[in-house]
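First comes the structure, then the notes that go with it.
These numbers come from a predicted model, not from an experiment.
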Amino acid sequence: MAFAVGALAGLVCAAIAFAVLWRLWLRRPVSTYYDEKYLEIFEQWPTTAMALDPITLRWISGNPASVRNLGYTPEELRALKLSDIFSVDGVEARGLVVKLQEATSRAPLEMRQRCADGSERNVEATCYPIQVAGKQLLAVAVHDVTIRRKVETQLLEKHQQLDHLAHHDHLTGLPNRLYLAAHLPDAIEEAKKNGTVLAVLFLDLDRFKHVNDSRGHETGDKLLKTVAQRVRSTMRADDLVVRMGGDEFVVVMRGIKGTEQVNDAAARINRALSAPMVVDGRTLVTTVSIGVALYPYDGADMGELLRHSDTAMYQAKDRGRNNYQLFSQSMDKRLKERIAIESSLRTALQSRQLDVHYQPIVDIESQRVVALEALLRWKHPSHGYVRPERFVAVAEEAGLIVPIGDFVLQRAIEDMARWRQADGRLVPVAINVSAVQLQRSNLAEQIARLTKEHGLEASMLQVELTESAVFERREPRAREASQDAVAKLRELGVHIAIDDFGTGYSSLSYLKRWRVDTLKIDRSFVRDLVTDLSDLAIVSAIIAMARHLHIQVVAEGIEGWQQLEKLRQLGCTYAQGFLFARPAPAQECLRYLNGQPLDLTQRLPTLENLETTGSGESVPLRA
């Protein structure tokens, strides 16, 4: 639009200048209709139109608007040079004429116009060389663009603000993932061109969800701002620090000279974030897990580098959090295996590939079956049985642990109902429950509903929890949720057992407060019970403590006769392991429900050797 107006103004003013000069210099009256019309346009045209002498740079003539806009009288204008009125940054007086002669409607010349009152304006000029009575003149059209420039500046500033908002995180002020998507490919291309190494660090705060849940999202936001400031302060000025969203950040380091440089940077970040932070007058401590991928070794483009650094970050979490890991191809292999397992596990839930087997818990003195433990089995159509330790952790991460736990619970209750119909002597069934299932599902309501539907007593169920599910030092809200869930289960009459006791966050006060019924000594202590004095001392202490607290004790992983005899001497009441029986399908378990002692004599020849390594027993479903 501006160019069109300039072109029109230039054309009209050139014609006007020509008519005026013709009249002034040739002293010929403007008598024709067309001359009078052009003269009227010239007189009323709102912007400056004038004629200049290209030799002397003097103002020769102009329309009334030129006099009015410049603020000089015609006599004053004739006494001034072009450079007295107009200027272009960095251009001298003679150069100004050259610039002006080159100005057209397609490429107008931007100048500063100095008025008689000392004010300055932004203007654009177009120029047309003309000849009048053999004289060379410059017909110049000038229009004020001050307002337009002001609007353009405002629009540019607004655009810059919007661009900044679109490419920066509103909470921390750091660049966001859109900014990263726009700039990381350029950084990769630069590294490729220069033959340098580029590092991508993927950061994820550890247990940040607990802060949001216990302190509120406002406190969580303030913590994220502090984290962003600390990460930014630990990095070099030319390193890119990005907030990807939530509690995830990415750091891009250019010109890396070696992995030591990356290790130092990751260690600085870990130290900076491990230091206490004061938020709303309260001290918070957070840690971060960091995964590192290097160009060109770990990826050739942005997608690969981000994916592999993310994989390395999860490896850091698996190794205890608050550390950093460099990506390796073995990580990628494990990731692909995990994805395959997750996909197959989802299919298994829908296509009934999952099953429940049962292993007896035996009274050591009478060798009678007093309970059964429900153990999850997955029979893959092409790979056969998949060991639970390969897929339980994947189920937890993928959010499948709750539906799998619901499946085990329902199947166990259905099997108990079938055993009763077959005139079996029912014994309690122990079901492993994950921490997630305990906190997120209404387990007590499920058990009450299912047992009522099948005519069973809730007291025939025993819920086995790992120590991490009930004793782990998490935020108060999570502990309260677990405690409430356990209290509701006890109100139903469900028995509570702590599985793998001694391997996690043992707390004697919790044993008393939560009224635990049974402790299951982890097989790692039982395995070398006969030969390791430390294991013997630990097992002996657990049994003695449980006896005084009136808590039953079950020793897991019994495979040898000497193990069994030593446990009997220590006063352990119950045992479970391959010495008695391997886990079996529900239809084979009626033989355990006849009330008769197990016949172990047939197992004596194969198990009287005292090797107790590698029981191969299934890992129960747990968190």
Are the side chain of [X] and the backbone N or O of [Y] linked by a donor-acceptor pair below 3.5 Å?
| X | Y | answer |
| --- | --- | --- |
| Asp206 | Asn322 | yes |
| Arg425 | Asn594 | no |
| Thr451 | Ala448 | yes |
| Gln563 | Glu559 | yes |
| Arg243 | Val250 | no |
| His380 | Ser382 | yes |
| Ser343 | Ala340 | no |
| His308 | Asp298 | yes |
| Arg490 | Ala485 | no |

Notebook entry, point to check: Knowing that exactly one of Thr286, Thr287, Ile269 qualifies, which makes a side chain to side chain contact (heavy atoms under 4.5 Å, CB included) with Ser274?
Noted result: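 By the side chain to side chain contact (heavy atoms under 4.5 Å, CB included) criterion, Ser274 pairs with just one of Thr286, Thr287, Ile269: Thr287.
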
Item checked: Residue from Ile361, Asp415, Leu426, Leu593 passing side chain to side chain contact (heavy atoms under 4.5 Å, CB included) with Leu372 ->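 It is Leu593, the one option of Ile361, Asp415, Leu426, Leu593 that forms the side chain to side chain contact (heavy atoms under 4.5 Å, CB included) with Leu372.
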
Note to self: Taking the six-membered ring for Trp, are Tyr592 and Trp419 closer than 6.0 Å centroid to centroid?
What the structure shows: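 Between Tyr592 and Trp419, the centre distance exceeds or equals 6.0 Å.
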
Next item on the list: Would you please indicate if the ring centroids of Trp378 and Tyr385 are separated by under 6.0 Å?
Entry: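 Ring-ring flag for Trp378/Tyr385: false, centres at least 6.0 Å apart.
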
Next item on the list: Give the intermediate values and the outcome of side-chain hydrogen bond (donor to acceptor under 3.5 Å, both in side chains) for residues Gln446 and Asp406.
Entry: CA-CA 9 Å; Gln446 283 183 290; Asp406 293 343; 3.1 Å; yes

Check: Between the side chains of Ser351 and Gln353, is a donor N or O closer than 3.5 angstrom to an acceptor N or O?
Finding: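 Side-chain D/A pair, Ser351 to Gln353: present.
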
Notebook entry, point to check: So, are Lys317 and Asp204 salt-bridged, with charged N and O less than 4.0 Å apart?
Noted result: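 Between Asp204 and Lys317 there is a salt bridge, with a charged N closer than 4.0 Å to a carboxylate O.
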
Would one find more than 12 heavy atoms of other residues, nucleotides or ligands at under 6.0 Å from atom [atom1] of [X]?
| X | atom1 | answer |
| --- | --- | --- |
| Arg390 | CZ | no |
| Glu457 | CD | no |
| Glu218 | CD | no |
| Arg177 | CZ | no |

Checklist line | Worked check of salt bridge (charged side-chain N to carboxylate O under 4.0 Å, His left out) between Glu445 and Arg449 | finding: CA-CA 6 Å; Glu445 284 188 9; Arg449 176 177 54 82; over 6 Å; no

To the closest 0.5 Å, what do you measure between [atom1] ([X]) and [atom2] ([Y])?
| X | Y | atom1 | atom2 | answer |
| --- | --- | --- | --- | --- |
| Leu273 | Leu205 | CG | CG | 7.0 Å |
| Arg547 | Ile542 | CZ | CD1 | 13.0 Å |
| Glu248 | Leu203 | CD | CG | 10.0 Å |
| Leu533 | Ile538 | CG | CD1 | 11.5 Å |
| Lys566 | Ile558 | NZ | CD1 | 13.0 Å |
| Phe208 | Leu223 | CZ | CG | 5.5 Å |

Margin query: Thr219 vs His217, test: side-chain hydrogen bond (donor to acceptor under 3.5 Å, both in side chains). Steps then yes/no.
Written below: CA-CA 5 Å; Thr219 298; His217 289 277; over 6 Å; no

Checklist line | Candidate pair Gln325 and Asp318, rule side-chain hydrogen bond (donor to acceptor under 3.5 Å, both in side chains), full reasoning | finding: CA-CA 10 Å; Gln325 296 292 324; Asp318 289 342; over 6 Å; no

Next item on the list: Apply side-chain hydrogen bond (donor to acceptor under 3.5 Å, both in side chains) to the pair Gln596 and Arg368, showing each step before the final yes or no.
Entry: CA-CA 6 Å; Gln596 299 298 317; Arg368 286 184 171 86; 5.5 Å; no

